[in-house]
Q: 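Please find one structure pasted underneath; my questions will follow.
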Amino acid sequence: MITNERQYKITRSQLELLTKAIEKFDLQEKIHQTGSEALAVAELEAIKSEVELLTIQINEYELLKSGVKSILKVSSLEELPKILIQARIAQKLSQKELASLLGIKEQQIQRYEAEDYRSASLKRLLEVAGILNLNVSGIGEINKPQEKKTSEMDWSKFPVKEMYRRGWFEGFTGSFTEAFQDNFELVQNFFGEIYRKPAIALHRKHVRVNSNLDDYSLLAWECRVLHLARKVSVRQYDQEMLTTEWITSLIHLSQYPDGPRRAQEKLKEVGIVLIIEPMLPNTYLDGAALLYGDKPVIGLTLRYDRIDNFWFVLMHEVFHVMKHLKKEKIDRIFDDLDTSDGEKIELEADELAGESLIPTAKWNMAIARFTRSVESINGFAQKLGVNPAIIAGRIRHDENNYTILNDSIGQGKVRNQFPEISFGI
């Protein structure tokens, strides 16, 4: 959502650039360059999708500024943050002017709006609504601070013991017994940094996991990833930079011993944050594509400590960011790649991840797929500019035989690149 004139001008400039990029896009030439029709089409569709989103955002901002779009009565806490932003724009108040009326700094309003007021207290939300003359009757009763439970959340089901062991309750210095006794307050504060009302997080998501999933553990893991992501400074996400050439350059980093670390830094170039956070028990998770405001976040668990697995999961989530986040009202996608999923978005991400790592046209002609020798695998990997583990992993997948080439998949060579993270579960 566009919240100020600076963002409006930037968005218009981005739209112009993307529109010109579509006009100049030569699909046949791109197929020739990449050797992959699927990747070429995916790049074009991603640009078109971004143009559509930017156009919607610009139109909404212009309608609000012109006074054509009216602000309705607020009827729920979930819709309040967006309406606060819309009402400010419609009343032609700048972020600086609203901050002055509240007696706070302009940067605080910018932060509130960038995060959809996630870090704001209910008192602050109502204070802003009052200044903007919004009708919020009944809102104050939705979530009273003293309430200890809701019909939507059973706070006792969150994995407090594991969250405590991992040090997720920042600022809490008590024992585990004390943490368990105060679990309601600790867990509420933990989620309050990301979601004012955690039940909201149960919606607008796509989940590819098995039937034994613990939703409470999944939600805790998600909030931890977003909490870490908001501390990472990156440039504004730029869909236009995610070209097939950029994707190829990302994959070429797999050749280096510290490829995963390099990938984390390269993703920052386009405004994507990569967070490594081991899965919580009963989540069976490989990775996720999330949004924190307008910032795309990829979370990986490294549940399988293998080079081939790291790169496939990473590329799977990159394509989710490119093609599926913010589309069809989805802002969170969770993946257990051991689980089959017939959903279109998962099939598409699987196909594009595999195609980007090893183009089908080249794979069909590869001697390595037949001989399976270390020499042929290394030779083919060198031609593609990828880690040999990726080739070995593809052979194991195609043959549905995960007992072969165990010495070629980079076992035990990913987690040690992130020594600051404890992978003990």
Side-chain angles (χ1 to χ4, degrees), residues 9-59 234-255 262-263 265-272 289 294 296 298 311-312 314-328 330 333 344-366 380-387 390-391 394:
K9 291 176 182 177
I10 291 173
T11 305
R12 283 189 63 89
S13 296
Q14 288 177 333
L15 180 60
E16 290 175 8
L17 289 172
L18 289 172
T19 302
K20 290 178 181 178
I22 292 174
E23 293 173 354
K24 295 179 180 179
F25 197 96
D26 188 324
L27 183 60
Q28 295 305 315
E29 182 182 351
K30 185 67 69 172
I31 293 172
H32 177 72
Q33 289 175 352
T34 63
S36 170
E37 181 178 357
L39 289 180
V41 171
E43 181 180 342
L44 178 58
E45 288 181 349
I47 297 174
K48 288 181 177 179
S49 178
E50 189 68 10
V51 164
E52 183 180 351
L53 285 172
L54 295 182
T55 301
I56 292 172
Q57 291 176 4
I58 288 171
N59 289 342
V234 293
R235 60 170 295 161
Q236 184 176 359
Y237 173 60
D238 188 349
Q239 175 80 54
E240 188 182 5
M241 293 183 68
L242 271 72
T243 62
T244 50
E245 290 79 11
W246 183 87
I247 289 171
T248 298
S249 68
L250 173 64
I251 293 170
H252 282 174
L253 296 178
S254 67
Q255 300 173 93
R262 295 187 184 219
E265 293 303 312
K266 186 155 185 74
L267 286 165
K268 290 181 183 179
E269 293 178 2
V270 294
I272 299 175
D294 290 328
I298 292 176
W311 285 100
F312 185 83
L314 177 66
M315 297 314 301
H316 183 96
E317 304 306 338
V318 165
F319 283 109
H320 272 324
V321 169
M322 282 182 62
K323 295 186 63 62
H324 306 134
L325 280 188
K326 297 193 290 187
K327 318 300 190 298
E328 300 178 4
I330 296 175
I333 302 172
K344 178 183 177 182
I345 66 171
E346 293 299 340
L347 294 174
E348 188 172 35
D350 281 344
E351 178 187 359
L352 291 173
E355 186 71 16
S356 65
L357 293 166
I358 309 174
T360 300
K362 295 181 180 180
W363 182 238
N364 290 338
M365 302 295 291
F380 184 53
Q382 188 173 12
K383 287 182 180 180
L384 292 182
V386 302
N387 194 298
I390 293 172
I391 310 302
R394 176 64 178 271

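Everything quoted here is computed from the prediction, not taken from an experiment.
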Q: Quick one: list whatever passes side chain to side chain contact (heavy atoms under 4.5 Å, CB included) with Ser36, sequence neighbours left out.
A: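 Testing Ser36 for side chain to side chain contact (heavy atoms under 4.5 Å, CB included), a comparison that skips the adjacent residues, returns Thr34, Ala38, Leu39, Glu355.
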Q: Sequence neighbours excluded, which residues qualify as side chain to side chain contact (heavy atoms under 4.5 Å, CB included) partners of Val234?
A: Val232, Lys268, Val273, Lys295
Q: Does the side chain of Gln236 reach to within under 4.5 Å of the side chain of Asp238, using non-hydrogen atoms?
A: no
Q: Applying the side-chain contact (heavy atoms from CB on, under 4.5 Å) criterion to Met322, which one of Leu242, Val270, Leu352 satisfies it?
A: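 The option that passes is Leu242.
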Q: If I take atom CG from residue Leu357 and atom CG from residue Leu250, how far apart are they, to the nearest 0.5 angstrom?
A: 9.0 Å
Q: To the nearest 0.5 Å, tell me how far Met315 CE sits from Ser254 OG.
A: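 Here the interatomic distance stands at 10.0 Å.
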Q: For Thr244, check side-chain hydrogen bond (donor to acceptor under 3.5 Å, both in side chains) against everything at least two apart and list the hits.
A: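 Glu43.
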Q: Report yes if the side chains of Ile391 and Trp363 come closer than 4.5 Å at any heavy-atom pair, otherwise no.
A: yes
Q: Spell out, as yes or no, whether a donor-acceptor pair under 3.5 Å connects the side chain of His316 to the backbone of Trp311.
A: no
Q: Suppose we screen for side-chain hydrogen bond (donor to acceptor under 3.5 Å, both in side chains). Which residues come up paired with Thr243, at least two apart in sequence or across chains?
A: Glu245
Q: Which residues pass the side chain to side chain contact (heavy atoms under 4.5 Å, CB included) test with Asp294, sequence neighbours left out?
A: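 Asp294 satisfies side chain to side chain contact (heavy atoms under 4.5 Å, CB included) with no other residue.
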Q: Only pairs under 3.5 Å count here: list side-chain donor-acceptor contacts from residues 14-25, not counting sequence neighbours, and write none if there are none.
A:
| residue | atom | partner | partner atom | Å |
| --- | --- | --- | --- | --- |
| Thr19 | OG1 | Leu15 | O | 2.7 |

